[in-house]
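These notes concern the structure reproduced below.
The first residue of the sequence shown is numbered 1, and numbering continues consecutively from there.
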Amino acid sequence: MIRTLIAYTEEIDDVNLAVNEVKSRLGVDESLLKNTVGIIACHYEFVFSGVVKALTEALPFDVVGTITAAGAVPTGSGGLLLTLVVLTSDEAEFVSVLTPSLESEAGKIIEQSYLDAAAARDSKPALVLAFAPFMIQNSGDEYVNVLTKASGGVPVFGTLAVDDTLDFANCFMLHNGEHSRDQMAMLLIYGDIQPKFFIATISDSKILNKEALITSSEGHILKSLNDRAVVEFFNDLGLTQASETQYAMTSLPFMLDYHDGSPQVSKVFIGLTPEKYAICAGAMPEGATLRLGVFDKEDVLFTTGNSLKTALENTENASVMLIYSCISRNMTLGAESMAELALITELAGAKLPFMTAYSGGEICPTQITDGTAVNRFHNNALIGCIF
């Protein structure tokens, strides 16, 4: 059994007040069991003001998480917000991990960090939570694939940090009060838990019929479709001007079919290289089929609500729900940027302790046709984990 405690604060400038507010809302002095860990999401101003460091130093357990552009818990939501979920248990155990820098050989570093952390136990963790900074030179798919292989197929769920700056300058990973632009934190959860996952992307009716086969790519760099330069595909769709502006096509997700029986996975186009190749926020494997989606505010809210309602139908014995939603979904909402958070709070607030935060890339298992799950890296998605 896991007991869940949740708190938040909007106090950025007064460090002592913020720490006392969170501790008071948690009631940690009276409520902690044998093993405890915290999962944090907050605006980067809480790092710069010293609140994050002071808070984690005041708590008798590890705290991991990321910066986010906005978030919510049942009792509060907003942009300038710090949220903290505390998991405490006599049976489940929590192991936090901090990798070295991922600036080079990220895959090898993540693999070794996981193996070192898991080596002391005979059993596999029931769940791995991953928290990483947004690094345009690295592929989130590599993070996921390496963890899947190293763990022997343990489900992996998590997020890449995202902030609200124009150049994403403060997308920090957080670990015990420290922040980093080039390290990953992981949380290995051991015990008798049965995590369940859900994903919302885009309605089938919003995906265009025009499709193309990926014929040349290198990691997250897309070079050609149907043996034609990728810019010719954009030209055919009237997207030449948009493709030349960074992040201008965030509401036009690339839906990838891996031809393995799993649902289509969404990836975001970021911009063009000097060679006019497409930079994407995830791997674009050769042999996959690409179709273009057209996202709008109504579909964001429809897919979020529909997926969440289904997930909440079976939450018996669940202790917590973690939700991460791609920042592109938030951008698509325009002037109603808090509408998705409000909907999540309305649907889940009275049913299950939860935390939701915006993401720069989502990590979540997805089902394939034989009923097993495969870990995937997503963009444009809302992902959820209930356990």
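- Residues Phe269 and Leu252 fail the side-chain proximity criterion, which asks for heavy atoms closer than 4.5 Å.
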Apply the test side-chain hydrogen bond (donor to acceptor under 3.5 Å, both in side chains) to residues Asn170 and Thr165: give CA-CA distance (whole Å), side-chain angles for both, the deciding distance (0.1 Å), then the verdict.
CA-CA 7 Å; Asn170 302 317; Thr165 64; 5.0 Å; no
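- Between Phe157 and Tyr324, the ring-plane angle classifies as tilted under the 30° and 60° cut-offs.
- When Leu322, Val64, Ile363 are each tested for a side-chain contact (heavy atoms from CB on, under 4.5 Å) with Leu129, only one passes: Leu322.
- Looking at heavy atoms from C-beta onward, Pro74 lies in side-chain contact with Phe354 at the 4.5 angstrom threshold.
- Classification of Glu313 and Lys309 as a salt-bridged pair fails, no side-chain N sitting under 4.0 Å from a carboxylate O.
- Within 6.0 Å of CD in Glu218 there are 12 or fewer heavy atoms belonging to other residues, nucleotides or ligands.
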### Task
Tell me, with the steps shown, if Ser262 and Arg376 meet side-chain hydrogen bond (donor to acceptor under 3.5 Å, both in side chains).
CA-CA 10 Å; Ser262 63; Arg376 291 286 196 215; 3.2 Å; yes
**Q.** Test side-chain hydrogen bond (donor to acceptor under 3.5 Å, both in side chains) applied to Thr201 and Gln264, step by step
**A.** CA-CA 9 Å; Thr201 53; Gln264 295 181 72; over 6 Å; no
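- Put simply, the side chain of Arg329 reaches to within 4.5 Å of the side chain of Phe295, judged on heavy atoms.
- Ring centroids of Phe61 and Phe94 are separated by 6.0 Å or more, keeping the two rings apart.
- A 4.5 Å side-chain heavy-atom check between Arg181 and Cys171 finds at least one atom pair inside the cut-off.
- Classified by interplanar angle (parallel below 30°, tilted 30° to 60°, perpendicular above 60°), the ring pair Phe254/Phe234 is parallel.
- Of the inter-residue distances, the one linking Phe198 atom CZ with Met321 atom CE reads 5.0 Å to the nearest 0.5 angstrom.
- Atom CG in Leu292 sits 10.0 Å away from atom CE in Met255 (nearest 0.5 Å).
- Of the inter-residue distances, the one linking Ser113 atom OG with Lys108 atom NZ reads 13.5 Å to the nearest 0.5 angstrom.
- Ionic pairing of Asp257 and Arg291 is not present here: no N-O contact between side-chain nitrogen and carboxylate oxygen is shorter than 4.0 angstrom.
- Of the inter-residue distances, the one linking Thr68 atom OG1 with Leu174 atom CG reads 10.5 Å to the nearest 0.5 angstrom.
- Here the NZ atom belonging to Lys297 is positioned 3.5 Å from the CD atom belonging to Glu336, to the nearest 0.5 angstrom.
- No more than 12 heavy atoms of other residues, nucleotides or ligands shown are found within 6.0 angstrom of CZ on Phe302.
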Exercise. Kindly indicate, with the supporting measurements, whether the criterion side-chain hydrogen bond (donor to acceptor under 3.5 Å, both in side chains) is fulfilled by Ser319 and Thr4.
Key: CA-CA 6 Å; Ser319 301; Thr4 303; 4.9 Å; no
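- In the model, His175 has no side-chain atom that pairs as donor or acceptor with a side-chain atom of Ser180 under 3.5 Å.
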Check the pair Ile67, His179 against side-chain contact (heavy atoms from CB on, under 4.5 Å), reporting the backbone distance first and the verdict last.
CA-CA 9 Å; Ile67 293 302; His179 61 282; over 6 Å; no
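- Note that the CE atom of Met1 and the CG atom of Asp90 stand 7.0 Å from one another [nearest 0.5 Å].
- Counting heavy atoms of neighbouring residues, nucleotides and ligands inside a 6.0 Å radius, atom CD of Glu57 exceeds 12 of them.
- No cation-pi contact links Arg228 to Phe233, judged by a cut-off of 6.0 Å to the six-membered ring centre and 45° from its axis.
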